[in-house]
Amino acid sequence: MSAVIQIEHLRKTYGRTVAVDDVSFAVERGEIFGLLGPNGAGKTTTVECLQGLRAADAGYLRVLGLDPRTQAAELRLRIGCQLQESALPDRIKVWEALDLFAAFGRKQTDWLRCMEQWGLAQKSKATFASLSGGQRQRLLVALALVNEPEVVFLDEMTTGLDPGSRRVAWDLIRAIRERGATVVLVTHFMDEAEALCDRVAIVDEGRVSALGAPWQLIERYAGPGRVTFSAAEHDLTWLHAVPGVESVTHSGLRISVEGTGPLLALVAAALVEHGIAPLDLANQRPTLEEVFLALTGRRTLEEGETP
Amino acid sequence: MTVLRKMTWVELKLFLREPLTVIFTLALPLVVLFILGGVFGNTPDPEGVVYRGVGAMDYYVPAYIGLVIASVGLVGLPMHLAAYRERGVLRRFKASSVPAGNVVGSQVAVTMISAAAGSLLLMAAARLAYSFQAPHAPEQVVLAFVLAALSFSALGVLLGALLPTARAAQGAGILLWFVMLFIGGAGPPPEVLTDSMRFVAQLTPLQHAITLLQDPWLGFGWNWRETLVVAGITAASALIALRFFRWE
Ligand SMILES: Nc1ncnc2c1ncn2[C@@H]1O[C@H](COP(=O)(O)OP(=O)(O)OP(=O)(O)O)[C@@H](O)[C@H]1O
Ligand SMILES: [Mg+2]
């Protein structure tokens with residue numbers, strides 16, 4: 001078995017609040033696995049049960065073959081965690097924090113390199129309290145990675161990061177995977193999940209409502225894709241014969257074809273066949289965001305979360 | 001062990017970067033020393049009743065060392081520990097598998113070190129200002145100091161474990177410290193307290209810690225009874241703290 005994380009029928013309640021109802025998935029070694037879902041869906045709870053920080057009520061959990069409930073101390077030496085809610089002492093300096101957390105691990109690690117990678121070298125002597133929100137976040141992520149863990153849990157890693165830092169963070173996460181580590185990423189950024197994750201699970205009301213590679217989910221749940229182009233031609237009824245096409249609409253010279261499947265390729269072929277080669281032929285591919293909204297977006301804020 | 005050493009070193013630096021705690025630990029006992037020293041001087045009571053028959057300052061210097069120990073143990077440590085829990089620092093440590101023993105151990109070490117520094121400062125000031133009596137049995141005084149400081153560290157960990165927020169810990173710590181300051185032997189001489197006050201004083205850990213320090217200091221010999229009491233307080237606090245310690 002190459003599954004590094006196995007989670008079957010996880011359930012966790014707080015009093016009468018059901019935080020996680022029934023969650024199952026497995027993560028393979030070297031995968032970047034995304035957990036998406038609305039606020040209060042149970043993502044943090046799921047991840048913290050895997051880290052052994054919270055005790056599950058029921059379910060089968062294994063991380064690196066260890067049971068987080070009974071072998072948490074052993075497990076936590078082999079994983080790295082960036083928690084959604086945690087902090088460092090106000091007056092600890094950046095280098096001191098990295099130096100200290102590097103000492104918590106079993107192996108000798110190069111925390112200086114980690115500090116540089118995460119853009120903290122200039123802030124090395126700044127105290128935690130004096131860092132900006134994004135800098136703190138980068139430090140907390142760096143601390144999760146400083147011991148070169150085999151499995152990394154990142155709970156909203158890029159929240160508060162500027163676009164440049166976000167891209168750097170993505171590259172660093174990919175580099176971690178190249179090293180052979182497995183990454184579990186909780187995020188609210190759909191572009192991040194699409195760019196980074198091999199597979200994602202969309203969690204809603206404590207249950208997994210969709211699981212798969214981003215492109216698979218898009219194909220399955222996102223609804224029709226759209227191809228647009230400009231053409232002077234008026235009679236385009238033959239486009240309806242192209243497999244997958246559902247509708248063709250005109251708006252002036254601009255034409256929009258909606259449908260499913262490999263729409264762009266088939267429409268392009270048909271156009272060329274009819275002697276039309278528009279310069280602005282464009283594919284408006286649905287994104288993970290559409291999938292997310294289709295699966296979870298029905299609730300308005302007033303309806304609130306699960307009662 | 002290296003982790004504990006590193007954590008202690010970092011915590012010590014954090015302690016020094018916290019000006020208010022440093023002042024409270026090091027300066028306040030000095031202020032009290034000079035005010036009471038100015039009021040009472042250091043001439044022994046001719047009838048040999050008040051201040052156990054010794055000069056006021058000879059009586060008070062070991063008592064103030066007790067006070068320093070109590071202030072770092074009761075005010076500094078619990079607040080620090082509760083703030084760590086409140087802000088999620090303990091959670092972060094737990095997520096890295098830092099044993100509770102290292103978290104608590106580094107706090108206790110810092111408490112002991114800062115109490116020692118405060119005590120040395122106090123003795124130096126008393127030496128300069130008043131011709132106070134040097135300890136009779138220095139090794140015994142050092143041992144008494146270690147026992148007393150351990151006991152107040154354990155009490156501090158207990159408060160930090162039981163009280164949910166830094167604010168609550170700070171309030172409770174300061175309240176206890178003041179009560180002990182006034183009736184525990186570091187305030188008015190025990191001889192002038194009423195019977196009921198003396199009874200309550202017997203219940204304060206500070207009274208026992210101070211007697212443990214004073215006896216070898218003033219030449220009354222090692223006090224086994226107080227040794228047992230102080231060790232008992234340490235053990236009981238540590239056990240209860242262990243039982244109720246929460247990471248979050
Ligand atoms: N310590 C707790 N005590 C009581 N209820 C809790 C606790 N932690 C979480 N919950 C509840 O459990 C549910 C799931 O919370 P969780 O933090 O796992 O959500 P999440 O998916 O991480 O949300 P977000 O995107 O906002 O971070 C919520 O309804 C929350 O109110
Ligand atoms: Mg969360």
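This is a predicted model, so every value here is computed, not measured. Residue numbers begin at 1 in each chain, while the letters A, B, ... track the order of the sequences.
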Which bit of E18(B) comes within less than 4.5 Å of chain A, counting heavy atoms only: side chain, backbone, both or neither? both

For N147(A), is it the side chain, the backbone, both or neither that has a heavy atom under 4.5 Å from a heavy atom of chain B? neither

In terms of relative ring orientation, are F178(B) and F182(B) parallel, tilted or perpendicular, with 30° and 60° separating the classes? parallel

Atom group of L143(A) that falls short of 4.5 Å from chain B, counting heavy atoms: both

Under the criterion side-chain contact (heavy atoms from CB on, under 4.5 Å), I'd like the reasoning laid out for Q107(B) against V157(B): C-alpha separation, chi angles, the key distance, then a yes or no. CA-CA 8 Å; Q107(B) 298 294 335; V157(B) 174; 5.7 Å; no

If we ignore angles and hydrogens, is there a donor and acceptor under 3.5 Å between the side chains of T44(A) and Q84(A)? yes

Comparing H80(B), R17(B), R91(B), K13(B) against chain A, the one with the most heavy-atom pairs below 4.5 Å turns out to be R17(B)

Could you tell me which of P89(A), A73(A), C81(A) has the largest number of non-hydrogen atom pairs under 4.5 Å with chain B? P89(A)

Most heavy-atom pairs under 4.5 Å with chain A, out of S97(B), A83(B), G88(B), belong to S97(B)

Let's go through V3(B) and F104(A) carefully: what are the C-alpha distance in whole Å and the side-chain angles of both, what is the deciding distance for side-chain contact (heavy atoms from CB on, under 4.5 Å) to 0.1 Å, and is it a yes or a no? CA-CA 6 Å; V3(B) 172; F104(A) 292 158; 3.6 Å; yes

May I ask you to decide if T13(A)'s main-chain N or O and D57(A)'s side chain share a donor-acceptor pair within less than 3.5 Å? yes

For F101(A), is it the side chain, the backbone, both, or neither that has a heavy atom closer than 4.5 Å to a heavy atom of chain B? side chain

T182(A) vs E28(A), side-chain contact (heavy atoms from CB on, under 4.5 Å): CA-CA, chis, key distance, verdict: CA-CA 7 Å; T182(A) 308; E28(A) 305 288 309; over 6 Å; no

With a 4.5 angstrom heavy-atom cut-off, is it the side chain or the backbone of I92(A) that approaches chain B, or both, or neither? both

Could you give the distance from CG (L77(B)) to CZ (F152(B)), rounded to the nearest 0.5 Å? 12.5 Å

For A72(A), is it the side chain, the backbone, both or neither that has a heavy atom under 4.5 Å from a heavy atom of chain B? backbone

Give the C-alpha distance, both sets of side-chain angles, the deciding distance and a yes or no for side-chain contact (heavy atoms from CB on, under 4.5 Å) between L161(A) and R138(A). CA-CA 8 Å; L161(A) 263 58; R138(A) 293 209 304 260; 4.1 Å; yes

Interface check, chain A: of K94(B), E248(B), E11(B), most non-hydrogen pairs under 4.5 Å belong to K94(B)

Looking only at L77(A), I79(A), D90(A), the option with the highest number of non-hydrogen pairs under 4.5 Å against chain B is D90(A)

Part of E48(A) within contact of chain B (heavy atom distance under 4.5 Å): side chain

